[in-house]
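Notes follow the structure.
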Amino acid sequence: MKQSYYPQEIEKKWKKIWEDNKVFKTENDNGKPKYYALSMFPYPSGKLHMGHVRNYTITDVIARFKKANGFNVLHPIGWDSFGLPAENAAMKHNADPEKWTDENIAYMTEQLKMLGLSYDWDREVTTCKPDYYKWTQWIFLQLYKKGLVYKKEAAVNWCPDCGTVLANEQVIDGKCWRCDSEVEKKYLSQWFVKITEYADELLKDLDLLKGWGDNVKTMQANWIGKSHGAIFRFPVVDAPSGEKMEVPVYTTRPDTVHGITYLVVAPEYKDIEKLTTEENKQAVEEYRANARKMSEIERLSTDRTKTGVPLGTHCKNPFTGEIFPLWTADYALVEYGTGAVMAVPTHDTRDFDFAKKYNLPMKVVIAPEASLPNPLPEGARELTAAYTEEGVLVNSGEFNGMKNTEAKKAITQKAVDEGFGEFKTQFRLRDWLISRQRYWGAPIPVVYCDKCGIVPVPEDQLPVLLPKDVDFSVVGKSPITTSPTFKDTVCPVCGSHATREMDTMDTFICSSWYYLRYADAKNDKECFNKDIVNKWLPVDQYVGGIEHAILHLLYSRFFTKALRDCGLLNFDEPFKNLLTQGMVLKDGSKMSKSKGNTVDPDEIFENYGADTARLFILSDSPPARDFDWSDAGVEGCYKFLNRVWRLVSSNAENINLNYSLSSNLAKDNDDLVRTVHMQIKGITNDITNEFQFNTVISKYRELVNAIYDWQAKKSELNEEDKNVLSFAIVSMLKLMSPVAVYLTEEAWHELGADGSIHDQPWCEWDENLAKSSSITLVVQINGKVKDKIEVDAEISKEDMEKQALSSQKIKELTDGKTIVKVIVVPGKLVNIVVK
RNA sequence: GCUCCAGUGGCGGAAUCGGUAGACGCGUUGGACUUAAAAUCCAAUCGGGCGUAUAACCCGGUGCCAGUUCAAGUCUGGCCUGGAGCACCA
């Protein structure tokens with residue numbers, strides 16, 4: 001066995017052997033219980049970055065650990081390969097985005113293999129290939145059949161730089177999630193997926209996800225945004241047309257209904273023109289035009305003072321008979337609730353601001369109980385801010401004196417009884433806009449027939465292939481529109497002329513079901529076989545970045561539920577456990593090309609080897625926390641692996657893989673055996689418990705240090721020593737094998753083993769041997785540590801107390817004081833309470 | 001504003017149940033080996049009392065202030081700071 005560690009050589013050797021022999025191939029059934037370990041699949045951007053390395057190493061170690069523990073492990077990989085970067089690259093060079101994508105995939109595949117990841121490459125999926133997107137389109141059609149896909153004209157988010165619309169989830173702070181440009185509003189006819197139909201279940205089932213962090217679950221819950229309230233319909237008393245109209249509002253504060261002093265409709269409110277008087281028309285039109293022009297960011301800014309104009313018409317409050325004016329103001333959102341808001345300035349901060357500005361009346365209807373009977377004696381205008389806390393109703397007729405929490409129900413009930421309102425649950429979640437005016441995505445499988453209108457493409461005509469005869473040099477429109485052959489087709493129903501839908505699907509559609517396809521990746525008859533998917537899913541452990549907390553994870557949950565209701569699978573949630581790994585930082589900030597603080601994985605492989613990269617990326621921080629990359633840390637890990645290698649190579653002749661341990665060992669040998677058992681236990685528990693790889697790695701170091709220390713005391717090894725050393729080193733190699741995949745494999749073979757260390761079962765420990773033979777008894781006085789005594793581990797409670805009290809030091813310190821109480825914690829400490 | 005997460009040495013971090021705070025590593029300092037360097041090995045490394053060394057000892061210390069307890073990094077209440085998400089959602 002070579003004395004020096006030579007990672008570059010051994011890693012290349014084993015990479016090829018593993019690849020040639022497909023050692024990580026997974027059968028659908030091998031009699032063992034299943035375990036599905038999944039990393040969020042990458043976008044083939046060109047090269048792996050350290051975030052990938054971290055993500056995939058974590059999942060790989062989990063997969064290997066589970067395999068060693070007797071599971072049939074599914075650990076697949078694929079490519080989220082539709083999307084804008086490929087198209088932008090293609091436009092820049094007027095080349096095919098497929099070529100760019102293929103080249104990147106080829107390069108990154110080599111990197112993944114170099115990193116020693118145990119993927120079953122036979123299950124690789126690539127979302128931009130027809131054998132995949134055929135089924136994406138097929139699923140679209142199933143959702144269409146179920147009424148979960150529809151087309152409508154709507155105000156949508158438009159990114160001018162990407163030249164396409166975006167889903168709500170893809171607008172971050174009013175900017176495009178991808179390119180950071182300010183998003184504009186446009187009115188377009190677009191395809192939507194009815195995710196709102198599942199809002200309630202998506203919220204409720206978060207409770208099923210015990211293996212998800214609260215942070216992600218809360219983010220999703222907030223995004224879905226369920227609220228309970230009421231709809232009230234207010235009759236319009238002076239509609240210009242004379243017709244009978246009413247304005248419905250949604251409110252979560254039905255208890256404040258007696259305090260309404262005006263009503264606001266959104267500038268885009270559908271009936272707004274019919275609610276505007278002739279004399280107010282011009283001002284209203286100007287206001288609406290101005291609102292349209294404003295960017296999303298301007299409009300949503302909460303610092304902005306509120307503006308609005310009166311419509312000139314009025315509504316009647318059926319509770320009080322009061323007549324109040326209608327206004328339009330852009331603080332009312334057309335997409336939420338009914339698009340109209342009842343305004344109670346005394347009990348809503350926004351209404352308060354608005355009423356102050358336009359000098360609108362205020363009426364107190366909720367008062368803190370302590371302030372009664374005179375909540376606000378002379379005039380509501382004395383209020384300096386809206387009172388939004390709980391309280392008791394005042395100025396509210398029959399409801400006076402009622403607690404506002406009860407009044408919510410009572411008042412809504414009255415509206416129900418009298419026919420002008422109802423209880424209402426409202427969600428913040430909007431439907432998912434999935435059309436994109438771009439080329440590099442799955443074409444939406446729909447045609448527009450001159451006679452029949454919208455016609456879905458029949459399933460036997462799938463896939464609708466992306467045309468190749470396109471011009472990528474066009475500006476300002478989707479390249480797909482330049483194809484001379486794509487647009488025109490015939491209607492599958494009536495045979496007349498029809499045109500194809502030119503929009504492609506949001507790539508998040510493609511990534512909403514890829515984890516299902518892995519179970520049955522090569523199926524060309526169906527998107528996946530139901531039984532196989534039901535067998536493998538849900539994913540037992542999903543690992544990926546927190547940036548998908550809402551986007552991908554919400555979409556995928558929705559897809560699973562929708563596909564369940566299409567009868568394609570029979571579980572409710574796709575990802576049982578979710579680990580959101582932290583970011584990889586350098587010098588305290590996120591690695592990015594613009595900051596120039598990136599570290600290229602290839603260089604690390606070249607200089608130190610993949611094992612060092614794997615070890616280091618797991619070592620310094622727990623997986624969920626951000627990880628600060630340091631060159632010194634890499635160096636340290638490399639040195640540690642050298643140290644491990646030297647330990648094995650310098651002892652190669654002394655190590656016998658068929659060692660046998662007698663039960664009666666010399667003291668130092670017994671101690672080492674105990675240390676090994678202790679570390680097996682500790683490492684196993686650390687992996688099982690939240691995947692604390694950082695402490696796993698410190699335990700590797702402790703184990704290695706212990707073996708070195710043991711050895712330093714031996715001038716010559718007898719038979720027993722050799723057996724103990726063999727046990728220690730074999731255990732060490734097995735424990736390290738999920739992380740240092742190459743080094744342990746090479747050492748395993750150099751020690752004369754047949755087969756792969758990666759097929760070895762995980763180490764077991766003996767509970768009795770996993771503790772040391774003696775313990776340090778801590779003696780405290782009044783909770784402060786005063787002495788430490790080495791005692792036998794099996795010491796009784798009584799003896800602990802006796803030993804503690806007989807300690808010379810304790811005697812001195814307790815001299816002349818009264819011992820009130822003695823607390824004995826078995827195996828740990830004795831606390832003496834004195835006065 | 002609302003929601004969630006976090007705060008421990010010079011740094012990353014450790015500490016199943018409330019029970020020795022600072023494991024393991026990085027860095028730093030000193031030493032061994034070497035002609036020298038690299039590599040390797042050994043030792044020290046929370047602060048204060050403390051001042052020349054050595055040894056010992058004592059006190060304080062996990063963002064801040066209280067509380068519960070024999071005992072608090074850990075539990076409770078109230079703050080402060082940082083990060084993340086949502087946000088004119090009625």
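Values below: all heavy atoms of this structure, side chains included; hydrogens, waters and symmetry mates excluded. Each chain gets a letter, A, B and so on, in the order its sequence line appears, and its residues count up from 1.
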For B:G1, the Watson-Crick or wobble counterpart (both distances under 3.5 Å): B:C86

Counting side-chain heavy atoms from CB outward, which of B:G19, B:A90, B:C41 is closest to A:R643? B:C41

Using a cut-off of less than 4.0 Å, is there contact between a side-chain N or O of A:N705 and OP1 or OP2 of B:A23? no

Looking across every strand, which nucleic acid part, if any, lies under 4.0 Å from A:K217 by heavy atom: base, sugar-phosphate, or nothing? nothing

Say we look at B:C5 and B:C58: how far apart would their C1' atoms be, to the nearest angstrom? 40 Å

Is there side-chain contact between A:L202 and A:Q220, with at least one heavy-atom pair below 4.5 Å? no

Nearest to side-chain heavy atoms of A:I823, which nucleotide of B:C70, B:A21, B:A14: B:C70

Using the P atom in both, what is the distance from B:A90 to B:C17, to the nearest Å? 39 Å

For the side chain of A:A632, counting heavy atoms from C-beta on, which of B:A90, B:G27, B:A23 is nearest? B:G27

Could you check which of B:A21, B:C24, B:A71 has an atom nearest any side-chain atom of A:E702? B:C24

For B:C75, which nucleotide in any strand shown is its Watson-Crick or wobble partner with both distances under 3.5 Å? B:G67

If B:A6 has a Watson-Crick or G-U wobble mate with both distances under 3.5 Å, name it; if not, just say none. B:U81

C1' gap between B:A44 and B:C26, integer Å: 16 Å

Looking only at atom C1', what distance separates B:U74 and B:U16, rounded to whole Å? 12 Å

What contact category does A:R428 fall into here, base, sugar-phosphate, or nothing, at under 4.0 angstrom with non-hydrogen atoms? base

Euclidean distance for C1', B:U8 against B:U81 (whole angstrom): 15 Å

Counterpart base for B:G60, defined by Watson-Crick or G-U wobble contacts under 3.5 Å: B:C46

A:Q692 side chain N/O closer than 4.0 Å to the phosphate oxygens (OP1, OP2) of B:A15? yes

B:U54 pairs with, by Watson-Crick or G-U criteria that keep both distances under 3.5 Å: none

Side-chain N,O (A:R701) to OP1/OP2 (B:A23) below 4.0 Å: no

OP1, OP2 of B:C41 versus side-chain N and O of A:R646: anything below 4.0 Å? yes

Can A:E335 and A:N168 be counted as having a side-chain donor-acceptor contact under 3.5 angstrom? no

B:G13 phosphate, OP1 or OP2, under 4.0 Å from A:S621 side-chain N/O: yes

Using the test salt bridge (charged side-chain N to carboxylate O under 4.0 Å, His left out), find all partners of A:K809 that sit at least two apart in sequence or belong to another chain. none

Heavy atoms from C-beta onward define the side chain here; which of B:G12, B:G19, B:C4 lies closest to that of A:V825? B:G19

Using the P atom in both, what is the distance from B:U76 to B:U69, to the nearest Å? 16 Å

Quick check, are the ring centers of A:F234 and A:F324 under 6.0 angstrom apart? yes

A:T695, nearest nucleotide to its side chain (from B:A15, B:C59, B:A90): B:A15

Can you tell me which nucleotide in B:U20, B:A14, B:U16 comes closest to the side chain of A:V785? B:U20

Is a donor on one side and an acceptor on the other found under 3.5 Å between the side chain of A:Y358 and the backbone of A:G308? yes

With rounding to the closest Å, how many angstrom separate the C1' atoms on B:A32 and B:A39? 14 Å

Distance test, side-chain N/O of A:Y700 to OP1/OP2 of B:C24, below 4.0 Å: no

About how many Å separate CG of A:L647 and CE of A:M732, when rounded to the nearest 0.5 Å? 5.0 Å

Report the nucleotide, chosen from B:G19, B:A90, B:A87, that has the shortest atom-to-atom distance to any side-chain atom of A:Y250. B:A90

Any A:R625 side-chain nitrogen or oxygen under 4.0 Å from OP1 or OP2 of B:A14: yes

Under 4.0 angstrom, heavy atoms only, what part of the nucleic acid is A:V778 near: base, sugar-phosphate, or nothing? base

Can you find a donor-acceptor pair, distance only, under 3.5 Å between A:N222 side chain and B:C86 base? no

From the candidates B:A39, B:G19, B:C4, the one with an atom nearest any side-chain atom of A:N215 is B:C4

Would you say A:K821 places a side-chain N or O within less than 4.0 Å of OP1 or OP2 belonging to B:C70? yes

